[in-house]
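Shown next, in structure tokens, is the structure this report addresses.
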Amino acid sequence: MGNSSEAQYDKYLEDGKRFIGRTKELTTLERWFNHPEAPLTIFSITGMGGIGKSSLLSEMLSVSRDRGATAIWMDGRSCGATPSVFMDYLSSTLGLETMDSEGYPRPLSLLRDTSIEKRLVLAVDNYEELALLESWFMEVFVSKLPLRGILVILASRPELASTWRTHPRLHQRFIQMRLQHFTVDEITEYITVAGFLNQGMAGTITRMTDGHPLGLALAVEAADQRRNLPQSEWAELSHMISARLLLELTNSRLHPMVEVLTLIETANQELLSSVLDMTVTQEDYHMLRQMSFIRSGPDGLGLHDMARVHLLRDFRQREPHRLQTLRIKIAKLLKPLHEHAGAYARRQIARKMLLLCQESMLQYRKYADVSRDSLFSPLETMRKEDLPALHSLLQQWCEYSVEPWQAVAYGPFLDELVHRYPEGIVLMRDKLGETIAMFITVLVHRGSSELLLKYFPNEMHECFTLQELENDPDQSDTHFALLAAARDDVPGYTREELVGYMALDRLSLLGDGARAMLVATNPHLKLFLQSIGFQMRRTRTRVCDRFEDRADILDLDLRSGQFGEWVMSLFAPKSTEDRIQLETTEVDVIWTEQDVRKMLGNLRSPGELHEYADRVRGVKDGIQLQLYVMDLLEGRVHGLSPQDQMLLYAAYWTHAGNPTAAAQTCSMSRATFYRHLRTALTRLARIL
């Protein structure tokens, strides 16, 4: 870190955070600016969570502006799932950047007017969220950009599809930047810049953080604040970031603001003040901006994804009732803002509202279970080398989802979809990178409908008119869901949990005012979708039926402005207390602590719970008993204290069979954990 080129990039970002390292990547940017022809170029910045993608993106934009270029930042989570929505967002962003210039009354004209002298840098963070648009983005948007004066920077966790590297026109313009952990020299430089750590402490942090940028920043921040944290909390911070550590590093005055950011992707000073019914001062807001696990963006402040997972889990276990109350309060504040906002702002608010209500979609876990936190990376678009694994998943899905004569079409369809519209396939990987689940949705327009009609003519004619099938791609607003397939042998996860994780991700596509439609035969799927607002109607014929299950059409149409009403309805689903009327005045069965232990030991197996169902009045089978107990443990039905909920949830759900991990989650020794757990079991026995 000692040469002049590296020193050039050792500077503060606008929010007061020091930017260090990434010399190779920034030198590549400088080379583009020094190139006499400024050729159209695409940078792909990839790496794990917390590795510094967003920080590098921000620094690149800062350097670009210093070099006289127009530089804009876009968030893939807000770009929309259709070409028209993406273009509206781009136009709005360009308009804000050029609002002081009378030369660009039409912002998109800036794309045509680039040159060697007038350069444009277009950066998209969280690019993986544009999975459904990738083919259009590559073949239509990027391919039509001028060949001089434009740099496109795409930041994402997974590497971009191999088609970028093999594209006949773009592969020579494509540059990959895979971010790695900081080197020892970069760690030393980062610590040296802090200027206050003694040599022993600096050495400890260097050894413990493994060069993970977010972990390094948190460790230095802890030392800076002289927090009395044991070094075990710092060990391998890239894997051990905890809610307790994050809250310890936060001034207690800022805790309520961090809680709001835990529930909403981004919030500015005004929104934070409205939610908290207090004035968030400029000083408070600035202190938040400077924290290592909080990021700044055009729409306000947001938590780092890894920090959000830990803090949300902690909040849910400590105070589930206040958590839900705060969610509803935020949604009520956002609803009128959504209704009166312009197109771009409406899409931003819609996404926030949808994320707020996701945990209300907890009924009918027999098909999709969204009750468990997941540390999986965001869904990825498929790569060609994934095709064999996808065929294996598809074969398993066909065995339990369709009749043999119906299954024949799916294999060839998958092959052709991969070739023509690969962005319609998103998948999940485990920690080893193996494919464990996939979800297929197709944006319906005249091009894709040709493919769908070829393989699924009955479903298409049941769902769509000929006019809808002939829509122009830029005007398409309907997603046709074909299937969600997941393995049933993933350690620690059920198939229903994997499907639930994917379903929530795909529902976010509707935040832009779109429609989702599908043909369903699975009765549990129908119940799940109807519980979150899908409308069901019978098919005109019986050709789509599966075995004894009748096929029905389900759709959720949010194109006509009722998005806010739909979201608010999800906060008040029919509760378990309504479904199960417990007559507490008549107690026919006495539950012992041992009975409750045995029952909870089978909590993940509704079939095994069946023998206990008749012991709870109003419960008919093991599935209903599982729903009722989970509602008790997660606070949707009153009765258990927050601590009892936390203990039982950790012992019999999150870390079933692993008391050591359960005790650590509850921040207790094993002895203390067992003592409190026994009390919680006794209290649950009284409730039952």
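Hydrogens, waters and symmetry mates are skipped; everything else that's a heavy atom, side chains included, is used. The residues of the chain are indexed from 1 along the displayed sequence. Just so it is clear, the model here is predicted, and its values are computed rather than measured.
Using a 4.5 Å heavy-atom cutoff, the side chains of Leu271 and Thr266 are not in contact. Residues Asn268 and Tyr285 have side chains in contact (heavy-atom distance under 4.5 Å, counting atoms from C-beta outward). Residues Trp164 and Leu170 are in side-chain contact: their nearest non-hydrogen atoms beyond the backbone lie under 4.5 Å apart. The side-chain heavy atoms of Leu443 and Tyr421, taken from C-beta on, include no pair separated by under 4.5 Å. Looking only at side-chain heavy atoms (C-beta outward), Asp284 and Thr281 come within less than 4.5 Å of each other. Side-chain contact between Ile425 and Leu417 is present, with at least one heavy-atom pair separated by less than 4.5 Å. Side-chain contact between Glu259 and Leu276 is absent, with no heavy-atom pair separated by less than 4.5 Å. Using a 4.5 Å cut-off on side-chain heavy atoms (C-beta onward), Leu133 and Glu423 make no contact.
Here the two rings, on Phe86 and Trp136, have centers that are under 6.0 Å apart. With ring centers used as reference points, Phe563 lies under 6.0 Å from His338.
The main-chain N or O of Ile175 is never found under 3.5 Å from a side-chain atom of Ser44 such that the two would form a donor-acceptor pair. Judged by distance alone, with hydrogens and angles left aside, the side-chain atoms of Arg65 form a donor-acceptor pair with the main-chain N or O of Ala71 at under 3.5 Å. Between the side chain of Lys335 and the main chain of Met568, no donor-acceptor pair closer than 3.5 Å is present. Of the possible donor and acceptor atoms, one in the side chain of Ser64 sits under 3.5 Å from a partner among the backbone N and O of Met60. Between the side chain of Ser476 and the backbone N or O of Val444, at least one donor-acceptor pair lies under 3.5 Å. Between the side chain of Arg119 and the backbone N or O of Gly149, no donor-acceptor pair lies under 3.5 Å. Using a distance-only test at 3.5 Å, with no hydrogens or angles considered, a donor-acceptor pair links the side chain of His340 to the main chain of Pro336. A donor-acceptor contact shorter than 3.5 Å links the side chain of Tyr89 to the backbone of Asp75. A donor-acceptor pair under 3.5 Å is formed between the side chain of Ser273 and the backbone N or O of Gln269.
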Mind running side-chain contact (heavy atoms from CB on, under 4.5 Å) on Ile45 and Leu179 for me, showing each step along the way?
CA-CA 7 Å; Ile45 301 174; Leu179 300 191; 3.8 Å; yes

Just do the side-chain contact (heavy atoms from CB on, under 4.5 Å) check on His171 and Arg165 with the steps written out, would you?
CA-CA 5 Å; His171 76 279; Arg165 298 185 292 276; 5.6 Å; no

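In this structure, Thr381 and Glu134 approach most closely via the heavy-atom pair OG1-OE1, 3.2 Å. What you find for Trp73 and Thr93 is that their closest heavy atoms are O-CG2, 3.7 Å. Across every non-hydrogen atom of Gly447 and Arg420, the tightest pair is O-NH2, 3.5 Å. Scanning all heavy atoms of the two residues, the minimum distance from Phe141 to Leu111 falls at CE1-CD1, 4.3 Å. Between Val121 and Phe33 the shortest heavy-atom distance is CG2-CZ, 4.1 Å. Nearest approach of Trp566 to Ile532, heavy atoms of both residues: NE1-O, 2.6 Å.
For Glu385, the CD atom sits in a packed shell: over 12 heavy atoms of surrounding residues, nucleotides or ligands are nearer than 6.0 Å.
Note: Leu122 CG to Ile72 CD1 = 4.5 Å, rounded to the nearest 0.5 Å. To the nearest 0.5 angstrom, Thr114 atom OG1 is 10.5 Å from Arg148 atom CZ. Within the model, atoms CE of Met517 and CG of Leu556 stand 10.0 Å from one another, a figure rounded to the nearest 0.5 Å. Rounding to the nearest 0.5 Å places OG of Ser115 at 13.0 Å from CD of Glu37. How far CG of Leu120 is from OG1 of Thr70: 6.0 Å, rounded to the nearest 0.5 Å. Here CG of Leu333 is found 7.0 Å from NZ of Lys329. Values are rounded to the nearest 0.5 Å.
No hydrogens or angles considered: nothing links the side chains of Asp474 and Ser84 as a donor-acceptor pair under 3.5 Å. Inspection of the Lys384 and Thr166 side chains reveals no N or O donor paired with an N or O acceptor under 3.5 Å. Judged purely by distance below 3.5 Å, without hydrogens or angles, the side chains of His445 and Gln475 never pair a donor atom with an acceptor atom. In this model, no donor atom of one side chain and acceptor atom of the other lie less than 3.5 Å apart for Glu159 and Thr46. Between the side chains of Gln180 and Arg178, not a single donor N or O lies within less than 3.5 Å of an accepting N or O. No side-chain donor-acceptor contact under 3.5 Å links Asp88 and Ser91.
The side chain to side chain contact (heavy atoms under 4.5 Å, CB included) test with Leu154 singles out one residue from Phe137, Phe174, Phe43, and that residue is Phe137. Applying side chain to side chain contact (heavy atoms under 4.5 Å, CB included) to Ile153 and the options Thr41, Leu56, Leu57 leaves one that passes, Leu57.
Evaluation of the ring-ring contact (aromatic ring centres under 6.0 Å, His included) rule for Phe439 yields no partner, not counting sequence neighbours. Under the side chain to side chain contact (heavy atoms under 4.5 Å, CB included) criterion, Thr435 pairs with Asp386, Ala389, Leu390, Leu393, Leu427, Arg429, sequence neighbours left out.
Comment: Glu139 engages Arg169 in a salt bridge, judged by a side-chain N to carboxylate O separation of less than 4.0 angstrom. The pair Glu59-Arg22 does not meet the salt-bridge criterion, since no charged nitrogen lies less than 4.0 angstrom from a carboxylate oxygen. Checked for salt-bridge contact, Arg446 and Glu468 miss the test: no charged N lies under 4.0 Å from a carboxylate O. A salt bridge links Glu30 with Arg67: the closest approach of a Lys/Arg side-chain nitrogen to an acidic carboxylate oxygen falls below 4.0 angstrom.
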